[in-house]
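This report refers to the structure that appears directly beneath it.
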Protein chains: 2
Amino acid sequence: MPVNIYDVAKKAGVSVVTVSRVLNNSPKVRANNRQKVLTAIADLDYQPNAVAQSLARGSTGMVGLILPTVFDPFMAQVLASVEGALRDKGMFLVTSFAADDLQFGKANSVRLFRENRVDGILILSPLKNDALFLELKKNNFPFVLLDQHHSHIQASSVTVDNYYGGYQATNSLITAGAKRIGHIFGSGVYESTAERLNGYKQALLDHNIAVDEALLAPGDFTIYSGYKITKEWIIRGILPQAIFAADDNTAFGVIDAARKFRIAVPEKLAIIGYDDHPFASLLHPALSTVRQPTEELGRQGVELLSSLISGKIKRTTTIILKPEIVLRESTLSINNC
Amino acid sequence: MPVNIYDVAKKAGVSVVTVSRVLNNSPKVRANNRQKVLTAIADLDYQPNAVAQSLARGSTGMVGLILPTVFDPFMAQVLASVEGALRDKGMFLVTSFAADDLQFGKANSVRLFRENRVDGILILSPLKNDALFLELKKNNFPFVLLDQHHSHIQASSVTVDNYYGGYQATNSLITAGAKRIGHIFGSGVYESTAERLNGYKQALLDHNIAVDEALLAPGDFTIYSGYKITKEWIIRGILPQAIFAADDNTAFGVIDAARKFRIAVPEKLAIIGYDDHPFASLLHPALSTVRQPTEELGRQGVELLSSLISGKIKRTTTIILKPEIVLRESTLSINNC
DNA sequence: CTGAAAGCGCTTACAG
DNA sequence: CTGAAAGCGCTTACAG
């Protein structure tokens, strides 16, 4: 039923080879013939079959993105960025939400490359998955890690400097006038958690502020954890003047708790989050935060992967991006008495 | 380099036809031969090439999802649900964020099916795109509309009853004791806006409450629009006792404004939103809302599309799902004086 | 139950 | 500049 390359060739009065050449913009086609082919294509409303092209060429023009979830604004932003970058290249995106089931051999994400459905894979995950990485390496399949670097296994990656982000966030609190600064950090399994924490500590030390273990508490990137810990600090009477929250969700919880106990933000409690959640600038008080370069993360990831696929780059490449501080109402200035 | 079906056949001492049969679980293979093939597959770590299978079979095992954005929790939930449903079927998802550029012939989303990259397409969009629908129809390509129905063009769809949602939301406000109930509706371009509005009006009428045009205001599904309109109502001294917001974003804006003007929620102002945003249950006061059956929307969409692809269903099918009221703090009970 | 042959719709040397 | 032939890696009647 659908028209194929032979129909076009017949209609144009040339061979399929010539049609193929026109399709692929080969320069060595006589102008006259090119025109005949173009006309036939238009008349027949012909569109080449990508599956056949993929088989013949040995590449599909599709890229896989493996990510744990899309309910996190950071993940969603990178996803959108990756899709946009691929679209600009005329490529397609196959998404696989599969943080967990990677261990199974026939996992969706493993099939993705083992069955040659895509030309390369982007892995956006704060968690390491050695089984997947090894499988990729064993098959010599092009892949790039996003927001994660890996020391054990040679792998190209694009990451964001979490130490820098943690340092700058804390620094902005110090600049606002705070001396006692708490930090609610994220889940321990993520590397970013330790890196942001280290940045926090170093910023304090650089300003001769001793690290107070009582003002360090483990959150889990949820509103509730921010709420609970802040409430606890308030009740125990050790609420600091400022809090650096592991992410904006946590920060929203901190604000929620402060409001409940009628503690003025930022006058009595300054807060800075991380990620620049869509709500950060929209709710009151507007939340200061650390914006991650998600657009660039996605774009650079696609560029790097493309180079790996085309073979332009052979060796492992690492790109480190810097996050950006965004100051809003929640860190305006501390009332220091 | 990668091992193919001929390598397996040779190793197993059978023909590729037999290998293919084992791969496709054909019953007519002698147990002995099946075992030899299985062993060879395991030894060689063979995985069939999906591209070649697609070409030979005429189907790819991939489905496309076209959606405008992933930054909306409703969209994100449906996306996740679709991916899960496809995964369960062993199929893959190609995502295309393309609400706008559908008009162009070589748009990413059009190439998706014109180039036979997917077996069917799911369109999740509150906006009509006749050009795309017609193109799909013309090519006789299987597709299902999600959260949208179309009267002009015959198309299968899975939708959610917005009239019912609007009616129930308003009804819950009446039940809570409110008489003067405002409604901040969504963007006019969406059909859901008019449907929810109609549900709102009918609920009022059914309780002998006249519709007050002054308490109807156009929002645009943003926090800001909810904030601005509520503020205006407060300043003009016409703030109603309760507000049905077009979605949770709008509702968050309403709460934000109420807080700013120190109007107690829900005592002085009851609020119900729509969508059950992840934050709805986490911030204080917890927001009452209308939860859409996103999981089922995605699952049913995939099922319907599968039936269309396999040819089990030929004619246009419409499935209408009901949303569910979720009552929380923001509508607890009105202080009616 | 098994396999030789043809076919899916393209692209790519190769020869002219 | 052009096309006949082979090949990409599978599946599917068809004959045995």
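Sequence lines set the chain letters: A, B, ... in the order given, protein chains first and strands last, and positions in each chain run from 1. In this text the structure is predicted, and so the values were computed from the model without any measurement.
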Query raised in the report: Would one find a side-chain N or O of B/Y6 under 4.0 angstrom from OP1 or OP2 of D/dC8?
Result: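 No, no such contact exists.
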
Report task. Using heavy atoms to find the nearest nucleotide of DNA chain C for B/A56 and B/T18 separately, return the residue whose nucleotide is more 5′. Result ->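 Comparing both residues, the 5'-ward one is B/T18.
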
Report task. Name the residue closer to the 5' end of DNA chain C, choosing between A/R21 and A/I5 according to the nucleotide with the nearest heavy atom. Result ->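 Whichever sits nearer the 5' end wins; that is A/I5.
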
Requested in this report: Step through the shown structure and confirm whether more than 12 heavy atoms of other residues, nucleotides or ligands are within 6.0 Å of CG on A/N32.
Outcome: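 Check passes, neighbour count above 12.
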
Query raised in the report: Is it the case that more than 12 heavy atoms not belonging to A/K137 sit under 6.0 Å from its NZ atom?
Result: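 Enclosed.
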
Rounded distance in Å - [atom1] ([X]) to [atom2] ([N]):
| X | N | atom1 | atom2 | answer |
| --- | --- | --- | --- | --- |
| B/L55 | D/dT12 | CG | C1' | 13 Å |
| B/R34 | C/dC1 | CZ | C1' | 11 Å |
| B/N49 | C/dC8 | CG | P | 18 Å |
| A/N25 | C/dT11 | CG | C1' | 14 Å |
| A/N24 | C/dC10 | CG | C1' | 9 Å |
| B/R114 | C/dG9 | CZ | P | 15 Å |
| B/R117 | C/dG9 | CZ | P | 16 Å |
| B/L23 | D/dT11 | CG | C1' | 11 Å |

Report task. Among the candidates C/dT11, D/dG3, D/dT11, find the nucleotide nearest to the side-chain atoms of A/Q53. Result ->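 Nearest to the side-chain atoms of A/Q53, counting from C-beta on, is C/dT11.
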
**Report entry** A/R57 side-chain proximity, nearest of D/dG3, C/dG9, C/dT11
**Finding:**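 When the side chain of A/R57 is considered, C/dT11 is the closest of D/dG3, C/dG9, C/dT11.
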
Requested in this report: Name the pairing partner of D/dA13, where a pair is Watson-Crick or G-U wobble with both distances under 3.5 Å, or state none.
Outcome: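 D/dA13 is unpaired by these criteria.
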
Requested in this report: Report the base-pairing partner of C/dA4 (Watson-Crick or G-U wobble, both distances below 3.5 angstrom), or none.
Outcome: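 When the pairing criteria are applied, nothing turns out to pair with C/dA4, so the answer is none.
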
Requested in this report: Flag the pair A/E83 and A/R87 as a salt bridge only when some basic side-chain nitrogen lies within less than 4.0 angstrom of an acidic carboxylate oxygen.
Outcome: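 Counted as a salt bridge, because a side-chain N and a carboxylate O are separated by less than 4.0 Å.
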
Requested in this report: For A/R30 and for B/V19, find the nucleotide of DNA chain D with the closest heavy atom, then tell me which residue's nucleotide is more 5'.
Outcome: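 Nearest nucleotide further toward 5': that of A/R30.
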
Requested in this report: Look at all strands and tell whether A/N116 reaches a base, only sugar-phosphate, or nothing, counting heavy atoms closer than 4.0 Å.
Outcome: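 Counting heavy atoms under 4.0 Å across all strands, no contact is made by A/N116.
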
Query raised in the report: Base, sugar-phosphate, or nothing: which does A/V29 touch, judged by heavy atoms less than 4.0 Å apart?
Result: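 Sugar-phosphate, no base atom in range.
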
Query raised in the report: Can a donor-acceptor pair be found between the side chains of A/R114 and B/N49 at a distance below 3.5 Å?
Result: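 Short answer, no.
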
Query raised in the report: Quick one: do the B/D119 and B/T60 side chains pair a donor with an acceptor below 3.5 Å?
Result: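 Present: a donor and an acceptor within the cut-off.
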
